[in-house]
Number of protein chains: 2
Amino acid sequence: MASKADRTIGASDQNWDQFAPNDTRRRILMEASALFRRHGYQATSTRQIAAAVGIRQPSLFHHFANKQAILEALFSLSLDNAVVVAERTANASGSAAARLHDYLVWDLETLLSLPLSLSELYSSDILRAPELAHWAAKLESLYLALEKLVRQGIEAGEFVATDPVLIRILIANVTIAHIQYADERPDRDPKKLARDGARFVLAGLSNMESAHLDELISGTRSR
Amino acid sequence: MASKADRTIGASDQNWDQFAPNDTRRRILMEASALFRRHGYQATSTRQIAAAVGIRQPSLFHHFANKQAILEALFSLSLDNAVVVAERTANASGSAAARLHDYLVWDLETLLSLPLSLSELYSSDILRAPELAHWAAKLESLYLALEKLVRQGIEAGEFVATDPVLIRILIANVTIAHIQYADERPDRDPKKLARDGARFVLAGLSNMESAHLDELISGTRSR
DNA sequence: GTCTATACCGAGATAGAC
DNA sequence: GTCTATCTCGGTATAGAC
C-alpha cells in the first residue's frame, strides 16, 4: 500500500502562496467557489459573494478586476498543476494502468483537500465562453494527455478497447462525483476516498469483459 | 446477449404524447434543453430560446406560464418514468447486480434516445431552488431506490462494501458522462453505449478488490 | 398564436468620499 | 480598503393590437 503511494507524482506543492496573498482575496475565492458550486457561475451575483465575505458589493472590485477574474483565479488554482502532472504522466514509461492510477490518486487527493468547491466549474459549460478560451485550451491539453495515457493502456492490453474520449469524459465525471460526495460528507478521509475513486475507474477500464462480471450481470453467480 | 435485454423493465413507453401536444411547444422544449445544457438554466435567456425556435420572446409565454415552467416540463419528461422504474426494480427480487444492471441499461437507453439534452439539469444545482422542491423530492426518491438496491447488493456480497451514497452519486455522474458523450458523438449506437455504461458501473462496484486489479495498479501485471 | 411596445427589476461596474 | 450613490444594460414578464 505504501509502495503505491511512494511513486509520488505531485508537482511543486499546490500554489498556496499565490492563493493566500491577502486574506480578503482568499476569502472571496473560497466563498465564490462555494456559491458557484451551489448555484452556478452565472446565477451567482457579485452581491451574494460580497455578502458571504462580509463586505459590500463594490469592494469586490478592489481585489478583482471583474467577476470573471474571480472565476479565472479558480481555474488557475485547480488547473495549472494538473496539466503539468498529467502530461508528465502520459509521457513517462511503465504500465499505463499504474500511471493512470497514480495520476487519479494525486488529482483526487489534491482536489479533495483544496478548501474550494470546484465541481460546478467543470461540469457546466462556462468554458465555452470565448473570453475563457485560454482555460478551455488548458483543460483540453489535460484531456489530451489523459486520452494518450488511456490509448497506451488499450494498446498494451491493460484496458478494454473503448473510445478514449468516452473514457476521458468518464474520468472527469467520476472525479466530479467524488468532489460532490466529499462536499456532502466532509468527515471522510480524502486519501482513502482518492484511492477508492482511482480503483473504481481502473476496475471499469480493465474488467469490462471479465467472465465474473458476466455471471454477476446475468444473475447466475456461483461464488 | 439477447437474454439480458429480454428482462425488459421499461415502463409504459416514454410519454411522447404528452411531449408532442403541439409542435411549437415541442420545439421550445428541444431548443431550451439544448441551450440549458450548453449555458446552464440561469444563463439561458428567454430571448435565446425564442430565437432558436424562430419566434419572438413574448410568444414563449403563450406556451409556458414562465421560464421555470419550461424547466419543469423537462424534469417531468426525464424523471416521472425513471422513479417508477427505479422503485419497482429496488423492490423486485433476484440478484441485485442483475437488477441494477438492467435498470442502468434501461435508464441510459431512454435518456440517450430522447431528443433532449438533459445533463446540465442534473449536474447543476438548480434543484435546490425552493420553487423546485417537488422535483428535488422526486429525484430524491429515485436516489433512495438506487441506494436501497445497492445496499442489497452489498449485503449479498455482490458489490464491494462502500457507502451507498457515494455509489449513487457515481451512478448519476456516469450517466451524465454518457449523455455528454452521446452529445459529442451523435453517431454512436445508444443501445451499445447503454450496455457499456452499465458494465462500467457494475465492474467498478464488483471488482474493486480483485487481485487482478491490484496487479494492474502496481504495474506487476503477468497476463 | 404571434406580434410591438414597454414596465420593471436586478445584474455588473464606476465615481469619488472617507 | 471599504463605503454610498449611481449608471447602464439585459433579463423576465405583461398589455393589447393584429
Side-chain angles (χ1 to χ4, degrees), chain A residues 18-75 120-121 124-132 135, chain B residues 18-75 120-121 124-132 135:
Chain A
Q18 173 203 341
F19 182 48
N22 71 65
D23 207 60
T24 310
R25 190 186 153 94
R26 181 200 171 106
R27 291 194 53 220
I28 291 172
L29 288 175
M30 290 181 57
E31 301 293 349
S33 76
L35 286 165
F36 290 168
R37 199 198 81 68
R38 293 177 77 92
H39 311 296
Y41 170 69
Q42 314 265 7
T44 301
S45 72
T46 52
R47 284 178 232 269
Q48 285 177 281
I49 300 172
V53 174
I55 58 179
R56 305 282 171 172
Q57 181 253 0
S59 304
L60 282 182
F61 298 98
H62 178 78
H63 301 274
F64 294 91
N66 47 40
K67 186 186 175 186
Q68 186 181 299
I70 301 177
L71 181 66
E72 296 195 48
L74 291 172
F75 275 123
E120 246 291 310
L121 300 196
S124 87
D125 276 7
I126 343 170
L127 278 171
R128 296 201 193 223
E131 320 87 66
L132 296 173
W135 298 104
Chain B
Q18 173 204 340
F19 182 49
N22 70 65
D23 206 59
T24 310
R25 190 186 152 94
R26 180 199 171 105
R27 292 195 51 222
I28 291 172
L29 288 174
M30 290 181 57
E31 300 294 348
S33 77
L35 286 164
F36 291 167
R37 200 199 80 70
R38 293 177 77 91
H39 310 295
Y41 170 70
Q42 313 266 7
T44 302
S45 73
T46 51
R47 282 183 236 266
Q48 285 176 282
I49 300 172
V53 174
I55 57 180
R56 304 282 170 172
Q57 183 255 358
S59 304
L60 283 182
F61 298 98
H62 177 78
H63 302 274
F64 294 91
N66 48 40
K67 185 185 174 186
Q68 186 181 300
I70 301 177
L71 181 66
E72 297 195 49
L74 292 172
F75 275 123
E120 246 290 311
L121 300 196
S124 86
D125 277 7
I126 343 170
L127 278 171
R128 296 201 193 224
E131 319 89 64
L132 296 173
W135 297 104

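Note that this is a predicted model, so its numbers are computed, not measured. Naming: A, B, ... by sequence-line order, numbering from 1 per chain.
- K67(B) places no side-chain N or O within 3.5 Å of a backbone atom of S45(B) that could act as its donor or acceptor partner.
- On the nucleic acid side, DNA chain C has its first and last nucleotide under 4.0 Å of a heavy atom of chain A at dA11(C) to dT14(C), going 5' to 3'.
- The backbone N or O of Q57(A) lies less than 3.5 Å from no partner atom in the side chain of R47(A), so there is not a single donor-acceptor pair.
- Ring planes of W135(B) and F75(B): parallel class, angle under 30° (limits at 30 and 60°).
- The closest side-chain heavy-atom distance from Y41(A) to L35(A) is not below 4.5 Å.
- Counting only heavy atoms from C-beta outward, the side chains of H39(A) and Q48(A) approach each other to under 4.5 Å.
- Of the inter-residue distances, the one linking E131(B) atom CD with N66(B) atom CG reads 10.0 Å to the nearest 0.5 angstrom.
- The structure places CD of Q68(B) at 4.5 Å from CG of L132(B), a figure rounded to the nearest 0.5 Å.
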Practice task
Indicate for each nucleotide in nucleotides 9-14 of chain D, in 5' to 3' sequence, whether protein heavy atoms under 4.0 Å reach the base (B), only the sugar-phosphate (S), or nothing (-).
Solution key: --BBBB
